[in-house]
Engineer: 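Below you'll find the structure I mean.
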Number of protein chains: 2
Amino acid sequence: MAKGTDDTIAVRISKVLADRIISGAIEPGARLRQDHVAEEFHTSHVPVREAFRRLEAQGLAISEPRRGVRVAAFDLGEVKEVAEMRAALEVLALRHAAPHLTAAILDQAEEATKAGDKSRDVRSWEEANRAFHRLILAPCGMPRLLATIDDLHAASARFLFAAWRSEWETRTDQDHRAILAALRQGNAESAALTLGRHVQWIGRKPVRTASGTTREAFAIVG
Amino acid sequence: MAKGTDDTIAVRISKVLADRIISGAIEPGARLRQDHVAEEFHTSHVPVREAFRRLEAQGLAISEPRRGVRVAAFDLGEVKEVAEMRAALEVLALRHAAPHLTAAILDQAEEATKAGDKSRDVRSWEEANRAFHRLILAPCGMPRLLATIDDLHAASARFLFAAWRSEWETRTDQDHRAILAALRQGNAESAALTLGRHVQWIGRKPVRTASGTTREAFAIVG
DNA sequence: GGATCAAAAATTATAGATAATTTCTAACTT
DNA sequence: AAGTTAGAAATTATCTATAATTTTTGATCC
């Protein structure tokens with residue numbers, strides 16, 4: 001995970017905080033207090049404020065004027081929303097990327113899929129999954145589109161980690177293989193349709209809460 | 001244009017600067033110098049920096065560490081990219097909004113279309129156009145999607161103003177009327193398809209440059 | 001005992017000042 | 001004359017301090 005040592009302090013802080021929010025280390029709704037963060041990173045609060053603005057732009061935090069910043073909460077509605085946005089935009093990206101996909105790239109994507117199958121924890125599975133999507137979409141050559149998709153991926157990962165916190169079962173990703181097969185045959189349209197369905201598939205499973213009751217947890221698992 | 005008097009200073013600054021960038025008052029590639037902006041708004045540079053981060057998130061400015069912030073440049077490729085993203089996302093939004101559209105909303109949208117036809121300058125046409133799109137999309141109830149579409153609209157407006165700077169001819173918007181007619185008949189799918197085409201239609205016209213030569217200018221005119 | 005209000009503490013937002021980096025200018029060398 | 005390099009000016013990034021706002025706490029009143 002590149003630390004980006006030449007980045008500005010604000011960027012470094014925002015990356016660390018983003019990672020914590022995504023992984024669930026900081027709970028949804030929790031307040032982010034600028035002086036505390038500043039103290040932890042041994043800086044003043046000015047770069048911290050800029051880091052907050054960055055998180056806000058990614059949709060990971062929300063700030064109310066004069067009332068501080070909190071980690072963005074989320075419900076089933078937002079999970080669905082992000083899934084549908086990803087589906088729409090990733091399909092668009094894949095349609096543009098398809099003509100530029102080489103055999104080498106597809107091989108790398110297959111490696112990523114295998115790595116996902118082998119992974120024993122959510123975190124490494126998510127990493128492999130994101131690598132797969134990035135590999136097949138990057139050649140579209142549309143930077144703004146890719147940046148937006150990246151932010152949506154971060155949101156997806158958040159939901160995933162929140163749902164699958166402790167327990168995790170390996171699952172082999174049939175969709176990824178179907179997408180790669182279609183792309184290898186030059187059938188971009190079929191690949192795009194499968195990708196759209198794939199991203200919109202929302203996993204749900206019962207989760208035991210602290211109070212002993214069970215509730216349903218949701219996550220985008222594509 | 002709501003000034004948002006209860007906003008934070010940073011937000012106020014970012015709104016004014018965004019307006020200038022969109023309208024073309026500040027040229028693409030121009031540097032934004034924080035001390036100058038701070039002086040103009042009679043504040044220190046801390047809120048200015050936060051305003052810059054906000055503009056960056058909207059894609060209106062780009063900042064290089066230790067090298068300051070510049071107004072984002074754009075080329076035909078980016079115009080196309082924004083158009084395609086808008087098409088994909090607005091179609092998605094309309095599909096969700098359609099079941100919640102009332103006759104009253106559609107009437108308001110028709111008013112906006114008429115206002116666009118009557119407008120004598122680009123600026124008021126753009127305002128009417130954005131009102132139309134917002135009216136028919138807002139009922140989708142997907143805040144993140146709507147926020148992203150808003151940012152893309154700002155980018156579209158930028159291209160529009162850059163191309164049509166001085167000259168402008170009124171054009172009656174047949175697409176808007178077709179979309180409204182389909183929605184009134186309950187034919188959401190047809191409306192969505194028309195909207196998708198509508199947004200992707202990129203206007204182009206020859207523009208005389210300062211040096212006397214002519215070049216092609218491009219803009220999203222939906 | 002619960003609600004209300006006021007003072008105190010904590011926190012956010014802005015201002016002014018300092019250090020570090022980059023860009024600009026211009027002289028100097030080849 | 002063109003390119004290079006050193007110094008100066010401008011600009012960015014950060015820190016410390018101050019003002020304004022909100023949340024919390026505690027005491028008072030009903």
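Throughout, a chain's letter reflects where its sequence line sits, starting with A, and its residues are numbered from 1. Just the heavy atoms: all of them, side chains too, but no hydrogens, waters or symmetry mates, feed the values below.
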Engineer: Whole angstrom is fine here: how far is it from CZ in B:Arg31 over to P in D:dA10?
Structural biologist: 13 Å

Engineer: Nearest 0.5 Å please: distance from the CG atom of A:Leu106 over to the CD1 atom of A:Ile179.
Structural biologist: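 Rounded to the nearest 0.5 Å, the CG-CD1 separation comes to 11.5 Å.
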
Engineer: Give a yes-or-no answer on whether the side chains of A:Glu90 and A:His153 include a donor-acceptor pair shorter than 3.5 Å.
Structural biologist: yes

Engineer: Roughly, in whole Å, what's the span from CZ in B:Phe52 to P in D:dA13?
Structural biologist: 10 Å

Engineer: Classify the ring geometry between A:His133 and A:His198 as parallel (under 30°), tilted (30 to 60°) or perpendicular (over 60°).
Structural biologist: parallel

Engineer: Write out all pairs satisfying side chain to side chain donor-acceptor pair (under 3.5 Å) with one or both partners inside residues 104-115 of chain B, taking only residues at least two apart or from two chains.
Structural biologist: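 Sorted pair list: B:Asp107-B:Arg184, B:Glu110-B:Arg184.
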
Engineer: Report all interatomic pairs (protein N or O, nucleotide N or O of nucleotides 7-10 of chain C) with separations under 3.5 Å.
Structural biologist:
none

Engineer: B:Asp35 CG to C:dT21 C1': how many Å, rounded?
Structural biologist: 14 Å

Engineer: Quick one, give me the B/S/- string for nucleotides 14-22 of chain D, reading 5' to 3', where B means a protein heavy atom under 4.0 Å from the base and S means that only happens at the primed atoms, P, OP1 or OP2.
Structural biologist: BBBB---SS

Engineer: Taking only Lys NZ, Arg NE, NH1 and NH2, and the carboxylate oxygens of Asp or Glu, determine whether B:Glu84 and B:Lys80 approach each other closer than 4.0 Å.
Structural biologist: no

Engineer: What pairs meet the side chain to side chain donor-acceptor pair (under 3.5 Å) rule with one or both residues in residues 140-150 of chain A, with sequence neighbours excluded?
Structural biologist: A:Arg134-A:Asp150

Engineer: Looking at residues at least two apart in the chain, or sitting in another chain, which of them share a side chain to side chain donor-acceptor pair (under 3.5 Å) with B:Arg95?
Structural biologist: B:Glu189

Engineer: Tell me the interatomic distance from A:Ile62, atom CD1, to C:dT12, atom C1', rounded to whole angstroms.
Structural biologist: 16 Å

Engineer: Listed by chain and number, what are the salt bridge (charged side-chain N to carboxylate O under 4.0 Å, His left out) partners of A:Glu39, not counting sequence neighbours?
Structural biologist: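 Per chain and number, A:Glu39 pairs via salt bridge (charged side-chain N to carboxylate O under 4.0 Å, His left out) with no residue.
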
Engineer: Quick one: B:Arg70 CZ to C:dT22 P, roughly how many Å, whole number?
Structural biologist: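 My rounded result for the distance is 15 Å.
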
